[in-house]
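Comments concern the structure below.
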Amino acid sequence: MFASPVETDIAPSGTLLGLLQRGRGDGALHALAAPRAEAVAALEHCVLHDPRPDWRLEHRSLYYARLYVDLRAELDGIEHHLFAPADRAASDVTAEPRFGGEVPPAAEAVAEERTGLALSVLGHLVSYGDRHALALLRRYAADGANWRWALDELAVRDDDAGLRALGPAILARFPRTEPGDAALARAVRDAYEPRPWRLWSEDPARPAQADRIDRAREDGDFGRWRRQLRSPGPRPGWGVPAVLAWVQEGHDATPRVWREAPAARCLAATASAEDRPLLLETAATGTPPVRAAALRHLAERQDPAVLPLLEAAADDPDPDLASAAAGSLARMRGTDALTAARRWAAREDRVGAAAATLLAHRGGSADAGAVHDALRRAVQLGGPDSDVLPPLVDGVGRLGVRAAAPALRHVYRETASSALRGRAALALETADPSFPTGLAVECLWDCEEDTREVAARAATSGDARVADRLRRLAADPAERDGVQTAVRGRLAGA
């Protein structure tokens, strides 16, 4: 019925490893029932080889940390991974940010990908009172390449004495040279958790350390002020031609900067009715970057004349322009846009996908069939991780399309994205009458906070596992506030 999953490093969903890589609740339940050695090996593989498609959007660390506690797993594998020779090659705090911007050096980004999940797991284990995890985090903060991440984990969990003891080791990373002082200023300025730097600057036992951090703060503030003065961005008094020229300059720069969204915001502040002919002409005949900016501005103004221009641009050979045009179309609203979307929703191209997305966001009950058809088509053609699925999953849930339940269950079980699985669970809550007694129970063990919250509301109280799990979540100090609120509401009602 549906396409097979795209070839990835993720194991099949029917295996213990595949379930744990996806962060599914069923993975935790199977791990607890499996032979301990097999479960620990699969868990360790996940932590040392981050399976998430996008670590910024998806969560696994608390899920894996709970399994480390439940399985009484040792941390030797994580220790060997963190302090392997490969970690040393990624440590150069004095390297300049790429292209003079704020992006971390390539080596540091590699270190984050390699060790970030393991460090986050250790952080949660510290919250559960694991002294070995605390010792590993302290040691890695002092010696490891991804020390900033380790320090952030310690900043919210370690005591003042433990953090103060790290000060000399951290500052020793920054040589007393001009590049070293500049790197220290960046580190102080960009610190996600400022608590350690504050403790080090207030440490009475190390006055030289305090002086150096204070100077770094001043240098960081002065550097920020200079960057603001030299900002190449739009300035007061700019008109539409100047904004469009700025867009083209970004596209021609090295590295290329795609300024569609900020340009649309600038045009909203500078464009007037007299500029509409220029913007329409630009949207039809300009270069790809300026076309994209003009199209987005006109779409956000709900200009009906932009619809055929968006249709044409979404079929353009330039992939950036085509993607931007489809995104602008999908964000439109109003009668004209909905009418066009209903004509285009059945198309099996980028325009059809954008039209179906628009209907998923803005359509009414009469559009339920079109959104459902688009969902089925997306799964059949692109598999359970298709880029166009998230809004369609939301749409069938919003519209309560019960016929979509089989497709939603397929996406739920097969997708490698825990974020998409959570959206499927929320849609199933309204589209699938069997959800409370079926997948909702599993969702109580899911890796995503929002998915556990859905389950806390929906899971049937007739399953003995549900009441026990709700009580454990209510008492868990690491559980998120939204989940605990839903859990306590259920327990109070019971």
Side-chain angles (χ1 to χ4, degrees), residues 5-82 113-125 128 130 133 383-385 409-425 438-452 454-455 465 469 472-473 476 478-480 483:
V6 177
E7 190 72 25
T8 67
D9 294 332
I10 304 297
S13 62
T15 64
L16 174 60
L17 177 59
L19 289 168
L20 291 178
Q21 287 175 320
R22 289 167 172 80
R24 277 183 55 182
D26 231 13
L29 295 171
H30 278 67
L32 297 175
R36 180 175 176 275
E38 177 187 347
V40 170
L43 172 61
E44 191 171 273
H45 178 88
C46 293
V47 174
L48 305 188
H49 305 87
D50 192 342
R52 294 172 292 180
D54 189 340
W55 63 267
R56 300 171 194 83
L57 301 178
E58 305 198 4
H59 307 91
R60 297 285 192 282
S61 53
L62 178 57
Y63 173 83
Y64 293 144
R66 283 170 169 166
L67 282 172
Y68 265 91
V69 172
D70 291 340
L71 294 170
R72 299 184 302 281
E74 300 296 332
L75 300 180
D76 295 348
I78 291 181
E79 182 173 4
H80 293 151
H81 179 73
L82 292 179
E113 292 179 5
R114 183 179 172 276
T115 62
L117 179 57
L119 295 171
S120 295
V121 169
L122 291 178
H124 286 299
L125 290 175
Y128 289 125
D130 191 317
D385 289 298
R409 286 194 290 266
H410 175 77
V411 171
Y412 175 95
R413 292 188 175 103
E414 298 297 333
T415 180
S417 167
S418 58
L420 179 56
R421 183 177 65 250
R423 298 170 93 142
L439 293 176
V441 177
E442 171 193 336
C443 288
L444 286 169
W445 282 263
D446 197 87
C447 67
E448 293 292 340
E449 170 188 355
D450 292 344
T451 308
R452 296 194 300 275
V454 170
R465 296 173 298 173
R469 183 62 175 172
R472 287 195 64 181
L473 292 177
D476 192 328
E479 187 51 88
R480 305 297 194 264
V483 179

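These numbers come from the heavy atoms of this one structure, side chains and all, not from hydrogens, waters or symmetry mates.
- Looking at residues two or more places apart in sequence or on another chain, you find a side chain to side chain contact (heavy atoms under 4.5 Å, CB included) between A133 and L75, L122, L125, V126, D130.
- Every residue two or more places apart in sequence or in another chain that forms a side chain to side chain contact (heavy atoms under 4.5 Å, CB included) with S120 is listed here: S61, W149, E153.
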- [ ] Step by step, work out the side-chain contact (heavy atoms from CB on, under 4.5 Å) result for L17 and C46.
- [x] CA-CA 8 Å; L17 177 59; C46 293; 3.8 Å; yes

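- Counting only distance, with no hydrogens or angles, the side chain of H59 and the backbone of G23 share no donor-acceptor pair below 3.5 Å.
- Counting only heavy atoms from C-beta outward, the side chains of H49 and D9 never approach each other to under 4.5 Å.
- Side chains of S418 and R60: a donor-acceptor N/O pair is present below 3.5 angstrom, by distance only.
- A heavy-atom distance below 4.5 Å is not found between the side chains of E448 and R423.
- Residues meeting the side chain to side chain contact (heavy atoms under 4.5 Å, CB included) test with E44, sequence neighbours left out: L48, Y68.
- In terms of the side chain to side chain contact (heavy atoms under 4.5 Å, CB included) criterion, residue partners of R413 (sequence neighbours excluded) are, by chain and number, R24, R409, L439.
- Contact of the H124 side chain with the R66 side chain is not registered, since no non-hydrogen atoms from C-beta on lie closer than 4.5 Å.
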Distance-only check: which donor-acceptor pairs under 3.5 Å involve side-chain atoms of residues 26-38, not counting sequence neighbours?
residue: H30; atom: ND1; partner: D26; partner atom: O; Å: 2.8
residue: R36; atom: NE; partner: L71; partner atom: O; Å: 2.8
residue: R36; atom: NH2; partner: L71; partner atom: O; Å: 3.3
residue: R36; atom: NH2; partner: R72; partner atom: O; Å: 2.5

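- The shortest heavy-atom contact between A11 and T15 is CB-OG1, 3.6 Å.
- Side-chain contact check for H45 versus Q21: some heavy-atom pair is nearer than 4.5 Å.
- Considering only residues two or more places apart in sequence or on other chains, R469 meets the side chain to side chain donor-acceptor pair (under 3.5 Å) condition with none of them.
- At a threshold of 4.5 Å between non-hydrogen side-chain atoms, the residues L117 and R52 count as touching.
- For the pair Y64 (side chain) and C447 (backbone), a donor-acceptor distance under 3.5 Å is absent.
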